[in-house]
Amino acid sequence: MSNYAIETQGLQRDFKTLRAVDNLSLSIQAGSIFGFLGPNGAGKTTTIRLLLGLLEPSAGEAQVLGYDIRTQAPEIRQACGALLENHGLYERLSAEENLEYYGRIWHIARRERLQRQQNLLESLGLWDRRKEAIVEWSRGMKQKLAVARALFHHPRLVFLDEPTAGLDPVAAASLRDDLGQLAMQEGVTVFLTTHNLTEAEKLCHQVGVIRQGRLIAVGSPEELRNRSSVPRVEVRGSGFSEKLISELNSRPEVKTISLRNGSLWLELNAETSVTPLVSLLIAGGAQVEEVRRDKASLEDVFLTLMEEEK
């Protein structure tokens, strides 16, 4: 049996003159959280629909949990959970009534349904409000319940299409934390699309970056930062005069320089010793308190990749 939950080979989908997914080849480890990143219209949602067998590919192949997307789409959907554009909840019903309804659709025995409701709602902090009609709930609480709905039948793989979109920062952080804990508890593979680069960096074991239907980078967040980012140095202190900044900027090893919140940020052209740069600052009268090398964030890497692919 393959160690991969998802494998695609040259997957492609055309809509008249538009190629929404272009030669996508990807392998996603079972039990991992995979983040699929890209701007609007990059092909993220189309990819999910292809993998769920909701769209027929124009070319290429894919296996999801060992099932072929062309010939075994019902088996794929039976084994997977999904939270796509619509949360799929009935707002006049309570949380427990929503989960009871879906539990019956999945033909789960009554005792197991009741236990599953309690386990998921407690994990998501919703148990005390399980009897309320969810129409009055916040968007964040509804999204948590939608995640419970997607996980209710113990799927081996769950697709989450931008689950924190439209949430305020506190609600998004809460849902992100719950997703990480639930994925670990359930032992489920998660395929997550998101615009939130911080979310991907904190949650995902592996990320793929897609632009105009093409996969342009894939790896762990750390691998992408190491491969695509430029060396950066933060110098904390004071006395960073315009003259000193100008002198630093003229050095061949310095790519860009900026002053933010009392710190001097240097982007370097290559990994190099910063001792000469610090010596220049001190000789020029600056008071240097701390020098720290800093790796670019996943957001920095993402923006760099988008620029490189234009």
Tell me whether [X] shares a hydrophobic cluster with [Y], the cluster being built from Ile, Leu, Val, Met, Phe, Trp, Tyr side chains joined at under 4.5 Å.
| X | Y | answer |
| --- | --- | --- |
| Leu179 | Ile48 | no |
| Met141 | Trp127 | yes |
| Ile69 | Tyr4 | no |
| Leu121 | Leu114 | no |
| Val233 | Leu244 | yes |

Residues [X], [Y]: salt bridge by 4.0 Å N-O rule:
| X | Y | value |
| --- | --- | --- |
| Glu122 | Arg116 | no |
| Glu234 | Arg292 | yes |
| Lys44 | Asp161 | no |
| Arg49 | Glu85 | yes |
| Arg130 | Glu97 | no |

[X] side chain vs [Y] backbone, donor-acceptor pair below 3.5 Å:
| X | Y | answer |
| --- | --- | --- |
| Thr47 | Gly43 | yes |
| His205 | Ile33 | yes |
| His154 | Val188 | no |
| Thr189 | Gly31 | yes |
| Asn98 | Tyr90 | yes |
| Thr8 | Leu24 | yes |
| Glu223 | Ser220 | yes |

Tell me yes or no: between the side chains of [X] and [Y], is some donor less than 3.5 Å from an acceptor?
| X | Y | value |
| --- | --- | --- |
| Gln206 | Gln29 | no |
| Gln181 | Asp177 | no |
| Gln9 | Gln63 | yes |

Within 6.0 angstrom of [X] [atom1], more than 12 heavy atoms from elsewhere:
| X | atom1 | result |
| --- | --- | --- |
| Glu132 | CD | yes |
| Lys142 | NZ | yes |
| Tyr67 | OH | no |
| Glu290 | CD | yes |

What's the separation between atom [atom1] in [X] and atom [atom2] in [Y], rounded to the nearest 0.5 Å?
| X | Y | atom1 | atom2 | result |
| --- | --- | --- | --- | --- |
| Leu124 | Lys144 | CG | NZ | 6.5 Å |
| His107 | Arg113 | NE2 | CZ | 11.0 Å |
| Leu65 | Glu7 | CG | CD | 10.5 Å |
| Asn119 | Glu186 | CG | CD | 8.5 Å |
| Leu145 | Arg129 | CG | CZ | 12.0 Å |
| Gln143 | Arg149 | CD | CZ | 9.5 Å |

Between [X] and [Y], which heavy-atom pair has the shortest distance, and what is it?
| X | Y | answer |
| --- | --- | --- |
| Arg19 | Asp14 | NE-OD1, 2.8 Å |
| Arg77 | Gly53 | NH1-O, 3.2 Å |
| Ser123 | Leu182 | CB-CD2, 3.9 Å |
| Phe34 | Gly208 | CZ-N, 3.6 Å |
| Leu224 | Gly219 | CD2-N, 4.2 Å |
| Ala95 | Trp137 | CB-CH2, 3.5 Å |

Answer yes or no: is there a side-chain heavy-atom contact under 4.5 Å between [X] and [Y]?
| X | Y | value |
| --- | --- | --- |
| Phe159 | Leu51 | yes |
| Leu248 | Leu280 | yes |
| Ile108 | His153 | yes |
| Leu11 | Asn23 | no |

**Item:** Working for side-chain hydrogen bond (donor to acceptor under 3.5 Å, both in side chains), residues Gln287 and Ser238
**Value:** CA-CA 5 Å; Gln287 290 77 49; Ser238 59; 3.1 Å; yes

**Asked** Between Tyr102 and Phe152, does the ring centroid distance fall short of 6.0 Å?
**Response** no

**Asked** Are Arg13 and Phe15 in a cation-pi setup, meaning NZ or CZ lies under 6.0 angstrom from the ring centre and within 45 degrees of the ring axis?
**Response** yes

**Item:** Evaluation steps, salt bridge (charged side-chain N to carboxylate O under 4.0 Å, His left out), between Glu247 and Arg251
**Value:** CA-CA 7 Å; Glu247 286 182 29; Arg251 299 279 300 213; over 6 Å; no

**side chain to side chain contact (heavy atoms under 4.5 Å, CB included) partner of Pro163, chosen from Val190, Leu84, Leu192** = Leu192

